[in-house]
Protein chains: 4
Amino acid sequence: MGAVKNKRMPRAVREQQMLDAAVRTFGQRGYRAASMDEIAELAGVSKPLVYLYLNSKEDLFTACIRREAEALTTAVREGVNPELPADRQLWEGLRAFFTHTARNPDAWAVLHLQARTHGEPFAAEVAAMREEMVAFVTGLILVAAREARRDPSLPEREVAGLAEALVGAAEALAAWANTTPGLTARQAAATLMNFAWSGLGNLMDGHPWTPPADTAPA
Amino acid sequence: MGAVKNKRMPRAVREQQMLDAAVRTFGQRGYRAASMDEIAELAGVSKPLVYLYLNSKEDLFTACIRREAEALTTAVREGVNPELPADRQLWEGLRAFFTHTARNPDAWAVLHLQARTHGEPFAAEVAAMREEMVAFVTGLILVAAREARRDPSLPEREVAGLAEALVGAAEALAAWANTTPGLTARQAAATLMNFAWSGLGNLMDGHPWTPPADTAPA
Amino acid sequence: MGAVKNKRMPRAVREQQMLDAAVRTFGQRGYRAASMDEIAELAGVSKPLVYLYLNSKEDLFTACIRREAEALTTAVREGVNPELPADRQLWEGLRAFFTHTARNPDAWAVLHLQARTHGEPFAAEVAAMREEMVAFVTGLILVAAREARRDPSLPEREVAGLAEALVGAAEALAAWANTTPGLTARQAAATLMNFAWSGLGNLMDGHPWTPPADTAPA
Amino acid sequence: MGAVKNKRMPRAVREQQMLDAAVRTFGQRGYRAASMDEIAELAGVSKPLVYLYLNSKEDLFTACIRREAEALTTAVREGVNPELPADRQLWEGLRAFFTHTARNPDAWAVLHLQARTHGEPFAAEVAAMREEMVAFVTGLILVAAREARRDPSLPEREVAGLAEALVGAAEALAAWANTTPGLTARQAAATLMNFAWSGLGNLMDGHPWTPPADTAPA
DNA sequence: TATGAATGAGCATTCATTCAT
DNA sequence: CATGAATGAATGCTCATTCAT
């Protein structure tokens, strides 16, 4: 376990080894519980070298978040064919998302749990990634609305909320899929498409669910 | 800020003060970053008294989780009128959920972020609460299917997945609502009802979204 | 276990219960590891009452030492008939000593181990008791010498050393007897009499063991 | 006093400095009363370094016991010429013992008082050393019996008891010698030889002290 | 006579971080 | 490029002791 202790390798390679070790440790132990000692040892490197390359624990954590956020968005982007209709694009994006998170559970734990739990600077880092995904979904919703040429006047905040909800549901299903044995990325994606797209379709047909008039204010 | 430093109060009262301080501190700083010193000070009490009443940091955290999980499920349960049809019950439950989480942001941070991020024992504690909510939603979906007397044969795992997705979406919207100024619990609930219930309705009409035949394996 | 929690009992009785609990706790846990909480609980009393009656942990420990030292010396004194010849007196004293220590292992642990290990004031307390025993033995040696009317001019320091050695041997045998199953006080006393008295007799016959002339200084 | 604060020395050296400081502190204050802070300061090192090298207070204490037990047994072993007759061997062993304990009073306090007073794991450590010494003495007694070709049939437990008594007497005399000014190791050894060897000789001549028939049971 | 409530002070332990080589 | 040696600063936890009743 851990990288083979090869001496004298180029900086770029060493850095990736360190990030690998860090992602694994942060993902399993959590940000605070992970010690630089453990990370250095798992990377097969002395602690000062970690500091030489990555400056501080905060910087190291940030570097992990950036690398893994980039990897996830790239995986989703590359999984989607932008020529296809909106529902197919969403389907492909979800499949890529569930596949990637299932294959990189520690990375997903870092992004979904640890980064959001340990203070502003880290949370902001994932928030950026999340916004990219929400924007992607928002775009698809608007495209779908245009394709259907019906009711193009969905209020902006409403669309934003729908996208938020969809991304949140996807995140929840990723965790659910990771802990439910025998559940494939494909099945998770299908469940979510059923849940969301059908609802959205109905919605855009002009038949939204109507909240009842209220007596007691919330 | 902080409780008035009244000396000599009965144990039950002090304990609640301590839990208040702990929820606030854990919610804002995180489990590891919160120090028992800070919690004690915020509670207006000396550290030994916290230990005398709550034994350890772990026990204190667990007590926080339990109290807030109980408070949240109670709020939702009491917000729902079980005589109403399924869609109205879900609507009321969501409203109660968004209202409670908006009013107790630290408690929600403890339940949604901190408890899930810091190890099995705590995660298990919230998992129980989550399962109660998922079960509640699952029940509503089945009732709705029966009420519609259509396609009563939804596969069990499918329903479970839908419920997971709905709860996940609700959790995401709770965070979104907490950070979007001027967004009411009512609006958040309506967005989610639109998103989900319309989709479910469509689904149960026998028009699910159909995944395309695949070429590349996932 | 522990005293029955009878309310409102006279001070003298309560004090003895506290000392019982303290001796047991100090003997088993050691002075520092024993907590006033544990002692109070074992005595079936609240902590402030222990302080009211016995002032402080130090005073409580000192009271234990005094009570048990007194009990041990009394047991030895009452076991010895001063009319008998010296060897019979020593035999009886040793039997009483081994019997008492075997019956009160916690008390013996307090006197022999704990009191000597935790600082001057306590060590001084047992030293007094020890000196009484050494004096008793010294007296017997001198009486024996007079009875034998031989070589009455044993140098004082020599006699003191012999008495120290005998008491030390007795203490070691007490520990040994306490941990060797099936070894009676009588057997322990016989072993020591054999060892010591025969040696002393020989010595006083004018046949001491002669140290060889030395080349290397110590 | 205390090591000169030379920075950057090899681990093995620092470890010995730490053990020196620990033996001194444990010997004078006792195990519980000794604080890691004090030990670190006396060693001229920061506390974390002590933990880095010696893991914990328990491990540090155990390391002290091991080192000093080894040093004492080595001193005795090297002080004895196994070619000599039994009485000479005992004489030399005792001289080495008293010399070593007089020169290393803190180490002797650690072994004789502290280690036996603070729980099983430590007591077991010294018990091993003590057994080695008892075995050494037991061997000498048996050799002496064979050399004298008299009464070779001493019962095993009897011999064990005699050896225990002799070692106990030696331990008592070591403490006595340490607190009696002007008393040399040589004198202490001579006193004990007189006490013990003469007694043993007598015993093996077939003139043991005979316990009187008993009326009252013990 | 007796106690529930409360604390100041200290202690073992850990960790991120740096220097000298 | 790489590391063994070293530390300042916290942090969780415990304990003897006291006050108000």
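Numbers restart at 1 for each chain; the letters A, B, ... are given by sequence-line order, proteins then strands. Note that the coordinates shown come from a computational prediction; the quantities given were computed from them, not determined experimentally.
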When all nucleic acid strands are considered with a 4.0 Å heavy-atom cut-off, which category describes Arg11(D): base, sugar-phosphate, or nothing? sugar-phosphate
Between [atom1] on residue [X] and [atom2] on residue [Y], distance to nearest 0.5 Å:
X: Glu15(D); Y: Met18(D); atom1: CD; atom2: CE; answer: 7.0 Å
X: Glu125(B); Y: Leu111(B); atom1: CD; atom2: CG; answer: 10.5 Å
X: Phe122(A); Y: Thr62(A); atom1: CZ; atom2: OG1; answer: 5.0 Å
X: Ile39(A); Y: Leu42(A); atom1: CD1; atom2: CG; answer: 8.5 Å

Starting at [atom1] of [X] and ending at [atom2] of [N], how long is that distance when rounded to a whole Å?
X: Glu15(B); N: dG4(E); atom1: CD; atom2: C1'; value: 14 Å
X: Leu49(A); N: dA16(E); atom1: CG; atom2: P; value: 17 Å
X: Arg29(A); N: dC15(E); atom1: CZ; atom2: C1'; value: 15 Å
X: Met9(C); N: dT1(E); atom1: CE; atom2: P; value: 13 Å
X: Tyr53(A); N: dC1(F); atom1: OH; atom2: C1'; value: 6 Å
X: Glu41(C); N: dT3(E); atom1: CD; atom2: C1'; value: 15 Å

Glu41(B) atom CD, neighbour heavy-atom count above 12 within 6.0 Å: no
With a cut-off of 6.0 Å (strictly less than), are more than 12 heavy atoms of other residues, nucleotides or ligands near CZ of Arg29(C)? no
Dot-bracket for DNA chain E, 5' to 3', counting Watson-Crick or G-U wobble pairs under 3.5 Å, with [ ] for crossing pairs and | for inter-strand pairs? .||||||||||||||||||||
Residue mapping more 5' on DNA chain F - nearest nucleotide basis, Leu52(A) or Leu52(D): Leu52(A)
If the sugar-phosphate is the primed atoms plus P, OP1 and OP2 and the base is the rest, what is the B/S/- string for nucleotides 14-21 of chain F, using protein heavy atoms under 4.0 Å? BBSBBBS-
Taking only distance into account, with no hydrogens and no angle test, what donor-acceptor pairs under 3.5 Å do side-chain atoms of residues 45-53 of chain D form with protein atoms, sequence neighbours excluded?
from, atom 1, to, atom 2, distance (Å)
Lys47(D), NZ, Asp37(D), OD2, 3.3

Using 4.0 Å as the upper bound for N to carboxylate O, is an ion pair formed by Asp59(C) and Arg66(C)? no
Can you name the closest pair of heavy atoms from Tyr31(D) and Glu58(D) and give their distance? OH-CG, 3.4 Å
